[in-house]
Amino acid sequence: MDYQKQLAETMAVAQEAVAADWPQIFNDQDQGRVANWSMLSMTKQRAVLRELLMRHQLVVKNDQLTEMGQLLRNRDRPQGQLSLTAGWQFVKRYNSFYLSKGLKLGKKTDFDQQNMVVSKQWTRLMNSAVRVVLKVDSGWKESARHNDGEFST
C-alpha cells in the first residue's frame, strides 16, 4: 500500500473516532463540555479541537491549538479566551468552551434597525434602544444605544 493511501485511511479512522465522541462533548450550538473533553486521550483532545476549528472554517497554528488544550486542562483558570484568526476567539467559561466571532468594542457601527446581542445573534428590540450586556473585569456592564446614537450605561 502506498503512503498516501495509508495516510488517507488513518485520517478517515481518526475522523470517525472524533465523530463518535462529538455528541458526548458538544451540544447543537457547538458548545463543548470541558469535563467530557478532558476524559479523552491527548491525541483525541487535539483532534476534537481541530474538528471544531474545521467546522468553523478556521485554520490556526499548532501553537494556538496547543494553547487551546492548555486552557481547557488548566483547572486553576476556570475562564479564559484566546484570540485566533479573523476576529475569532476560543472561549472557556467554567464548564464549557466554544468559538466566538469577537465583538470589537470601540468601533462605531451604524445599525439599520434596532438590535441586541442574544446568544451570538442579533435580534430586533420592540423599543427604540439597543441594549448590550457585556462581561467586564469588574462585573456585568449594561449599555443602551438610543435613537440619537448616544450610549448610556
Side-chain angles (χ1 to χ4, degrees), residues 8-127 129-145 151-153:
E9 288 178 358
T10 301
M11 289 177 63
V13 169
Q15 287 177 330
E16 288 175 12
V18 168
D21 291 329
W22 195 265
Q24 286 77 41
I25 300 167
F26 291 94
N27 64 19
D28 293 337
Q29 291 81 37
D30 283 346
Q31 186 171 1
R33 290 176 287 285
V34 174
N36 294 13
W37 178 86
S38 297
M39 292 189 300
L40 301 173
S41 69
M42 296 260 304
T43 302
K44 274 192 172 182
Q45 288 175 351
R46 284 182 70 87
V48 165
L49 292 176
R50 271 194 209 101
E51 178 65 22
L52 177 63
L53 293 164
M54 284 176 33
R55 287 180 181 217
H56 291 273
Q57 300 177 348
L58 294 174
V59 177
V60 299
K61 297 176 183 175
N62 278 330
D63 290 348
Q64 289 175 304
L65 189 65
T66 299
E67 288 177 15
M68 291 166 64
Q70 289 172 342
L71 177 61
L72 292 178
R73 282 188 288 278
N74 188 345
R75 293 176 189 213
D76 294 330
R77 192 168 174 201
Q79 297 186 81
Q81 61 190 42
L82 301 169
S83 293
L84 303 175
T85 59
W88 284 87
Q89 294 181 340
F90 178 73
V91 181
K92 175 185 178 186
R93 292 288 179 258
Y94 298 101
N95 300 320
S96 65
F97 63 96
Y98 54 91
L99 292 173
S100 175
K101 184 74 171 173
L103 176 64
K104 295 186 179 187
L105 301 177
K107 183 177 181 182
K108 188 172 181 175
T109 305
D110 292 326
F111 290 90
D112 293 334
Q113 300 172 16
Q114 304 303 319
N115 299 295
M116 78 178 226
V117 179
V118 179
S119 299
K120 298 185 271 183
Q121 296 180 9
W122 290 97
T123 306
R124 272 183 246 173
L125 292 176
M126 300 301 249
N127 62 18
V130 175
R131 192 176 69 184
V132 180
V133 179
L134 304 169
K135 177 74 169 128
V136 294
D137 290 340
S138 59
W140 290 96
K141 180 177 182 181
E142 182 173 332
S143 296
R145 180 174 185 215
F151 280 89
S152 62
T153 55

K.L.:
Can you sort out the partners of S96 under side-chain hydrogen bond (donor to acceptor under 3.5 Å, both in side chains), two or more places apart, ordered by chain and number?
P.N.:
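S96: side-chain hydrogen bond (donor to acceptor under 3.5 Å, both in side chains) contacts with Q31.
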K.L.:
Can you measure from CE (M68) to CZ (R50) and round to the nearest 0.5 angstrom?
P.N.:
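Output value for this atom pair is 10.5 Å.
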K.L.:
So do F26 and V48 actually touch side chain to side chain, heavy atoms under 4.5 Å?
P.N.:
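With C-beta onward as the side chain, the pair touches.
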K.L.:
From the options E51, Q45, K44, select the one residue that forms a side chain to side chain contact (heavy atoms under 4.5 Å, CB included) with D21.
P.N.:
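For D21, the side chain to side chain contact (heavy atoms under 4.5 Å, CB included) check succeeds only for K44.
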K.L.:
Quick one: pull up CG in L49 and CD in Q64 and give me the separation to the nearest 0.5 Å.
P.N.:
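L49 atom CG to Q64 atom CD measures 12.5 Å (nearest 0.5 Å).
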K.L.:
Looking at CG of D63 and CD of Q70, how far apart are the two atoms once the value is rounded to the nearest 0.5 Å?
P.N.:
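The CG atom of D63 sits 9.5 Å away from the CD atom of Q70.
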K.L.:
Are there more than 12 heavy atoms of other residues, nucleotides or ligands under 6.0 Å from atom CG of N95?
P.N.:
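No - once you tally the heavy atoms of other residues, nucleotides and ligands closer than 6.0 Å, there are 12 at most.
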K.L.:
Looking only at heavy atoms, what is the nearest atom pair of N74 and D76, with distance?
P.N.:
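Looks like OD1-N, 2.9 Å.
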K.L.:
To the nearest 0.5 Å, how far apart are OH in Y98 and CG in D30?
P.N.:
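Y98 OH to D30 CG: 13.0 Å, rounded to 0.5 Å.
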K.L.:
Can you see whether W22 has R55 sitting over its ring - NZ or CZ less than 6.0 Å from the centre and within 45° of the normal?
P.N.:
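Judged by the rule (NZ or CZ under 6.0 Å from the ring centre, within 45° of its axis), R55 counts as positioned above W22.
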K.L.:
Quick check for you: to the nearest 0.5 Å, what is the distance between K61 atom NZ and L84 atom CG?
P.N.:
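Interatomic distance, K61 NZ to L84 CG, rounded to 0.5 Å: 11.5 Å.
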K.L.:
Using modelled atom types and a 3.5 Å cut-off, is there a donor and acceptor pairing between side-chain atoms of Q15 and backbone atoms of A12?
P.N.:
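Not at all, since once roles are kept as given, no pair shorter than 3.5 Å links the two residues.
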K.L.:
Report yes or no: does Q79 contribute a side-chain atom to a donor-acceptor pair with the main-chain N or O of Y94 at less than 3.5 Å?
P.N.:
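Looks like no, no N/O pair under 3.5 Å.
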K.L.:
Would R33 and F97 satisfy side-chain contact (heavy atoms from CB on, under 4.5 Å), going step by step from the backbone distance to the final call?
P.N.:
CA-CA 7 Å; R33 290 176 287 285; F97 63 96; 5.8 Å; no
K.L.:
Which atom names give the shortest non-hydrogen contact between L65 and L53, and what distance separates them?
P.N.:
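Scanning both residues, the minimum pair turns out to be CD1-CD1, 3.9 Å.
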K.L.:
Quick one: does K92's side chain have a donor or acceptor within less than 3.5 Å of a partner on L82's backbone?
P.N.:
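Flag not set: sc K92 to bb L82 has no pair under 3.5 Å.
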K.L.:
Taking the side chain as C-beta and beyond, is there a heavy-atom pair between L58 and L52 under 4.5 Å?
P.N.:
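L58 vs L52: side chains apart.
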K.L.:
Restricting to side-chain hydrogen bond (donor to acceptor under 3.5 Å, both in side chains), what partner residues turn up for T66, sequence neighbours left out?
P.N.:
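Here the qualifying residues are R46.
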K.L.:
Determine whether Q89 and K101 make a side-chain contact, defined as any pair of heavy atoms from C-beta on separated by less than 4.5 Å.
P.N.:
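A side-chain contact under 4.5 Å is absent here.
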K.L.:
For residues R73 and W37, determine if any side-chain heavy atom of one lies less than 4.5 Å from a side-chain heavy atom of the other.
P.N.:
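Yes. Closest side-chain heavy atoms under 4.5 Å.
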K.L.:
So, taking the atom named CG in L99 and the one named CD in Q29, what distance separates them when rounded to the nearest 0.5 Å?
P.N.:
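Atom-to-atom, L99:CG and Q29:CD are 13.5 Å apart.
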